[in-house]
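Quick caveat, the model's predicted, so the values are computed rather than measured.
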There are 4 protein chains.
Amino acid sequence: MPKETFFNINTEKRKLITTAFLREFALKPFDEASISEVVKRLGIAKGSIYQYFEDKLDLFLYLLKESGDIKKNYVGSIERESYPNFWAFFKALYEAGLQFDKESPLHSHFLFNLIKNLQSPTMEHLYKEMLQSTVLAFEEMVKTEIEKGLFRNDISPDTMGFMLYRVGVSIQEQMEFKSIINPKESILNSEPVYKDKNEQLMNMVDDYILLVKPAFDKN
Amino acid sequence: MPKETFFNINTEKRKLITTAFLREFALKPFDEASISEVVKRLGIAKGSIYQYFEDKLDLFLYLLKESGDIKKNYVGSIERESYPNFWAFFKALYEAGLQFDKESPLHSHFLFNLIKNLQSPTMEHLYKEMLQSTVLAFEEMVKTEIEKGLFRNDISPDTMGFMLYRVGVSIQEQMEFKSIINPKESILNSEPVYKDKNEQLMNMVDDYILLVKPAFDKN
Amino acid sequence: MPKETFFNINTEKRKLITTAFLREFALKPFDEASISEVVKRLGIAKGSIYQYFEDKLDLFLYLLKESGDIKKNYVGSIERESYPNFWAFFKALYEAGLQFDKESPLHSHFLFNLIKNLQSPTMEHLYKEMLQSTVLAFEEMVKTEIEKGLFRNDISPDTMGFMLYRVGVSIQEQMEFKSIINPKESILNSEPVYKDKNEQLMNMVDDYILLVKPAFDKN
Amino acid sequence: MPKETFFNINTEKRKLITTAFLREFALKPFDEASISEVVKRLGIAKGSIYQYFEDKLDLFLYLLKESGDIKKNYVGSIERESYPNFWAFFKALYEAGLQFDKESPLHSHFLFNLIKNLQSPTMEHLYKEMLQSTVLAFEEMVKTEIEKGLFRNDISPDTMGFMLYRVGVSIQEQMEFKSIINPKESILNSEPVYKDKNEQLMNMVDDYILLVKPAFDKN
DNA sequence: CATGAATGAGGCTTCATTCAT
DNA sequence: TATGAATGAAGCCTCATTCAT
């Protein structure tokens, strides 16, 4: 939670700062991200950052929450009931994600890099926590589908939940692996992660669904 | 590639150094691993390290190669032809891996932590390279299976290869996520990653195969 | 000397500020006392402090004078003539001090910590000055007693005066040393230094008098 | 405990460093003493200090131990049995102290300033500990004298012990108070605390003994 | 009278690497 | 071959004070 002062400053300046640090954390793991470098680039005093935030972690957590909140605006309204099956719902989440990516590219980059960012020893605790809650959410979805009789019930739902979570990560990672997207580069231009690549992402999602569907669906 | 000097020193000392740094890199990302700390623990001169290796990266790469080579001794002899189907072969790889883990626990830990280790910006290039070759290997396997008519052919083999690679990572990560294994702790005792957990790992592998098999197999 | 502005503000607010800084200076040496921390706790603007006071030292001196003035209200009326001998007078000073401590606990804490507070290099000058006047007062008393033929005259009055001053400090310090009082703790509750320990303090004073009396009294 | 490296460097350089920091800590409380300033003056790299010592505290404790050890060389051989009464013994301690002061002026200054130095919040723990052990030593002396029937037995020995400790502090403080000595100044010239003032110190000691003797002695 | 954002120097500490011995 | 002292940049963070509003 930033200090009040942060919310009192000029909106434009606030955005400048936010932007600069989103970028930094989108490029480097927490422990390697450098406040000093960013303020130098921003041309503001290092002390100022500590007027706004308790410390580096506070700053990071603020960006995390902000990014999460914004993403929720896009993804939060998607509900399972509105879709004929889980996979349609799953795809819808990605489509919403693309909208978010397009309209808040830096927040998107920040979240894109989150897993890597959390590998820093300093972040170990937070990492476990976030993983836990993310996986849990997927587990819940799986359980619901199993109850509906739509997913198989011969494999423990936690393994299936974890796998589903992993699918998400894989998709993103494969896009990068195949050099379809190039985050490091697009960050610098404040361009969306998936700029001009929406279709290719959705194709990849389709592929994954094709692959995973028979593994999850009953029969 | 270490300097000659490294191979001229006492074998025992060489092993001591190797061990200490395997441990360090198994615990921390590259950029946060500290040469200073390790030499202090070893009680040798910091300068010595620079007699043996060009720099930190050189040292790391040496350990990487060594670990890989040793692992190959276990895994390299496993051949697809010896097994009735891909999944039996896949399981056999894990069983060999466990043997490696048991007999070279620190190398195993080093490789276990490799993915996290490579997230450092310094390592970006290397990361891509290694990923490339790993995934490629899986792709080749997939292609072979497709040619044999055993895997489905309606999804691009590279996606399937990548997914297969991902399955491996997921298994390992889920074992840690469920606190079945505790790498940080077992490193300190130089114990294998999967000490007393071999059975549980193989069960997890079975689960994953159960899940993934229908996604890959033809029909 | 504070600026006019300080006396123009709401009495209540003035008291709040006074209180908070008395506390801070009662807990830490001058150079380590932090204006930043106090204003944060107070929830007022940091700039305000500089509207009221020239700088940190000015603020400190104000509190010092205020505390001294208040204490004088208690101690000032005690006169040597009212007591049969010096030691009865000496005890009376302590009893008045206890009253002050009870009714103005924070000012009392501030003065209690004063010696430690003045150890900061910044304060060196002030320290000497205050010491000077304090010791001088004791010297005067000693001289009077000598003139009356009640104190021995074979030791220089300034040594005796200094020693008397020292006795005072020692009593206070020994109370803390023996953990009878716990200033750091009682400050937080705005409790008197000697809360519930009045009797024990006076016993200690008696002990010291017993000890010192033969050293000072003629014969 | 400094690191080995510190004892490996050039004796002369070690002395230079030691000297510079003794000076710094003799002038300022721990929290205000600045490593940065000292190394700048020394013209050595800041990092070097951290090759020699764990941290600031480690450095301080080393100087403390060294100073104490050296002083013990002077004072340690003085034994109560060699003197007809306690006060002769007490004086002898001061005479030995003066020898120490003359031959190791900076260590003497360091110890002279110790009490003030330990007022820093960081040092609170250490302060209490040292006070405890110092006072205890005096208490033991007092008890012995009481057992011998030489000191009065109607006042608790801990009060008497504490008072005795206080006498020591007072003597030193009064010398400074009366401007007979000027530590801040003589530090800069690496001159003994009591340079050319030995006689005056011993006179002061005599005065104090005269004063305190009747307070402690039986009858 | 109040605000509080901005400053920038200064604090301690860590690190990989160099180089003279 | 081995040593380990020296380096100095970089890291995060704190602080009293100023000044425009």
Side-chain angles (χ1 to χ4, degrees), chain A residues 3-10 13-14 31-37 39-40 43-59 122, chain B residues 3-6 8-10 13 31-37 39-40 43-57 59 122, chain C residues 3-6 8-10 13 31-37 39-40 44-57 59 122, chain D residues 3-6 8-10 13-14 31-37 39-40 43-59 122:
Chain A
K3 305 182 186 172
E4 279 186 36
T5 56
F6 183 57
F7 299 108
N8 294 340
I9 60 173
N10 187 330
K13 180 167 187 181
R14 197 160 67 236
D31 284 344
E32 284 157 43
S34 160
I35 291 182
S36 301
E37 264 186 41
V39 295
K40 206 187 297 171
I44 65 172
K46 211 190 307 193
S48 293
I49 300 304
Y50 292 87
Q51 295 267 14
Y52 309 145
F53 302 95
E54 288 303 336
D55 53 21
K56 197 181 177 185
L57 183 59
D58 186 35
L59 161 57
T122 312
Chain B
K3 303 180 185 172
E4 279 185 36
T5 53
F6 184 56
N8 292 342
I9 60 172
N10 186 332
K13 181 170 184 182
D31 284 345
E32 283 151 40
S34 161
I35 292 183
S36 301
E37 269 185 37
V39 295
K40 200 194 300 172
I44 67 171
K46 213 188 304 195
S48 294
I49 300 304
Y50 289 86
Q51 297 271 0
Y52 308 146
F53 301 94
E54 286 305 333
D55 54 18
K56 198 180 175 184
L57 182 59
L59 161 57
T122 315
Chain C
K3 303 180 186 173
E4 278 185 38
T5 53
F6 183 56
N8 293 342
I9 60 171
N10 186 334
K13 182 170 184 182
D31 285 345
E32 283 151 41
S34 162
I35 292 182
S36 302
E37 269 184 40
V39 295
K40 200 195 300 173
I44 67 170
K46 211 187 307 196
S48 294
I49 300 303
Y50 290 85
Q51 297 272 2
Y52 308 146
F53 302 95
E54 285 305 333
D55 53 18
K56 198 181 176 184
L57 183 59
L59 161 57
T122 315
Chain D
K3 305 182 187 172
E4 281 185 34
T5 54
F6 183 58
N8 295 341
I9 59 174
N10 188 331
K13 179 167 185 183
R14 196 160 68 236
D31 284 344
E32 283 156 43
S34 161
I35 291 182
S36 301
E37 264 185 42
V39 295
K40 206 187 295 170
I44 65 173
K46 211 188 311 194
S48 293
I49 299 305
Y50 291 86
Q51 296 266 14
Y52 310 145
F53 301 95
E54 289 302 334
D55 53 21
K56 197 181 176 184
L57 183 59
D58 186 36
L59 162 57
T122 312

- Message: How about NZ on D:Lys40, more than 12 heavy atoms from neighbouring residues, nucleotides or ligands closer than 6.0 Å, or not?
- Response: no
- Can you check whether B:Ile9 reaches B:Gln51 side chain to side chain, under 4.5 Å on heavy atoms? no
- Message: Base, sugar-phosphate or nothing for D:Phe53? Non-hydrogen atoms, less than 4.0 Å.
- Response: nothing
- Task: On DNA chain F, check which nucleotide each of B:Glu4 and D:Glu4 is closest to and give me the residue with the more 5' one.
- Result: B:Glu4
- Item | Least distance between heavy atoms, D:Asn8 atom then D:Arg14 atom | N-NH1, 4.4 Å
- B:Ala45 has a side chain; which of F:dT7, E:dG4, F:dG4 sits nearest to it? F:dG4
- Task: Taking the side chain as every heavy atom from C-beta outward, state whether C:Leu59 and C:Phe6 have any pair of such atoms under 4.5 Å apart.
- Result: no
- Query: Using a cut-off of 4.0 Å between protein heavy atoms and nucleotide atoms, how would you tag nucleotides 13-21 of chain E 5' to 3' with B, S and -?
  - Reply: BBSBBB---
- Item | Sugar-phosphate, base or nothing in reach of C:Phe6, heavy atoms under 4.0 Å | nothing
- Do you know which two heavy atoms are closest between A:Lys46 and A:Ile35, and how far apart they sit? CG-CG2, 4.4 Å
- For D:Ile49, answer base if it contacts any base atom (sugar-phosphate contacts may also be present), sugar-phosphate if it contacts only those atoms, and nothing otherwise; contact means non-hydrogen atoms under 4.0 Å. nothing
- Just checking A:Asn10: base, sugar-phosphate only, or nothing, at a heavy-atom cut-off of under 4.0 Å? nothing
- Item | Spacing between B:Ile44 atom CD1 and F:dA2 atom P, to the nearest angstrom | 9 Å
- What are the two closest non-hydrogen atoms of B:Lys3 and B:Tyr50, and how far apart are they? NZ-O, 2.8 Å
- May I have the step-by-step check of side-chain contact (heavy atoms from CB on, under 4.5 Å) for D:Thr122 and D:Lys56, ending in yes or no? CA-CA 11 Å; D:Thr122 312; D:Lys56 197 181 176 184; over 6 Å; no
- salt bridge (Lys or Arg N to Asp or Glu O under 4.0 Å) partners of D:Glu37, counting only residues at least two apart: D:Lys28, D:Arg41
- Task: Check DNA chain E for consecutive Watson-Crick or G-U pairs with both distances under 3.5 Å and list the runs of at least three as stems.
- Result: E:2-21 with F:2-21
- Mind checking A:Lys13 for me? I need base, sugar-phosphate or nothing, with any heavy atom below 4.0 Å counting as a touch. sugar-phosphate
